[in-house]
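A short worksheet on the structure shown next.
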Amino acid sequence: MREFDERSITQAVIGRLAECPDLRFKEVMTSLVTHLHDFVREVKLTEPEWMAAIQFLTDVGQACTEKRQELILLSDTLGVSVLVITINHPAEEGSVESTVLGPYYWEGAPELPRGSNLAEGVKGEPAFYSGRVLSTDGRPLPNALLDIWSGDGEGNYDMQIPGETGMKARGRIRTDAEGRYWFRSIRPTFYPVPTDGPVGRMLRKTGSHPYRPGHVHMIVSAPGHLPVTTHLFVAGSKYLDSDAVFGMKESLVVQFKRHPPGAGPDGERLDTPFYSVDYDFRLRPAAPDRA
Ligand SMILES: [Fe+2]
C-alpha cells in the first residue's frame, strides 16, 4: 500500500507509464500529466471549479454533431489549433502560410470546371478569384487542386442555415497547364463563431468577442508538394486585428478590387458591383529530391 501527497502524486501517475510501448505516446502523456498537475497546484483548483470543468468538457463533447465540431471550436478559440499548425507547417522559402481548418470543412465538395460559380444562389456580392499555384522555385504547378469553402455574404455557412441540406459556396477547382486557376464566388464577410454552445458561454465569460474577419478557406494541394490549409482574408475587413481564433496572417490578406456594374472577367454582364482578387499560392516540394 502506498499513499501520495500533492507532490508525489505526479511522479506516481507518470510511473504508471513505465511499460508503455509507444514511446511518443509516453512522452506526450508524461508532459500532459506534469503540466496538468502543475496547473491544478498553481491555481489551487477547488472542487466546484473542477466539477464545472468536467461539466464544460462534457457539454463541449455533447454539442458535437455530424455538422458541428465544438471541440475544434474550443481548440481554435484557445489558440491551440493555430499553434499546432504553426509548429508543423512553417512557411519556408516563400511558401504560403497555413492557418486553421475551422469547424465548417465538409469533405467531398464537387470538382468543378475552372471559371465555375461556386456560389450559385448564395447571398453576397460577386467576387472573381484568380491566380496561380506555383512551386517555391516559381515553377507553375498544373493539376493542383484548390478545395474552397466560405460562408455567404452575410457570414453564414451552408451547414448553419436552417433547412439548407446541400453544399453551398463550396467546390474544388484544378489548375490548368500553366498552374492558373479562376472561379467565381462571393466576397465573404466577418462572422461570429457559433455562440449558442458551451464555447460561446466560455467566450462571454472571458469577455471576448466571437468574430472572425472575412475570409475564404482553401486547401491547396499538388502532386509532389506539401498541401496547405489556408485562408484568403479580405483586406479592410472588421476584426482583422482580433480574429477570435487567432488565425489571421498578414501574408494572407488580399485586396478585393471593387468594380462598377458591367462585364465581369468572364465576359458575363453583372447588374451589381463586383470584386476581383488575385493571389498566387506557393507550395513546398514534399522532399528535396522531388523538387
Ligand atoms: Fe471560416
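When reading the values below, keep in mind they use all heavy atoms of this one structure, side chains included, and skip hydrogens, waters and symmetry mates. Counting begins at 1 with the first residue of the sequence. Both counts, for ligands and for their atoms, begin at 1 and track the order of listing.
Other residues, nucleotides and ligands contribute more than 12 heavy atoms inside 6.0 Å of the CG atom of D5. Within 6.0 Å of NZ in K26 there are more than 12 heavy atoms belonging to other residues, nucleotides or ligands.
Side-chain atoms of S75 and S81 include a donor-acceptor pair closer than 3.5 Å. Between the side chains of Q69 and Y105, not a single donor N or O lies within less than 3.5 Å of an accepting N or O. Side chains of R41 and T10: a donor on one and an acceptor on the other come within 3.5 Å.
In this view, F25 satisfies the ring-ring contact (aromatic ring centres under 6.0 Å, His included) rule with no residue, not counting sequence neighbours.
Here 4 is the count of protein N, O or S atoms positioned under 2.8 Å from the Fe ion (ligand 1), waters not counted.
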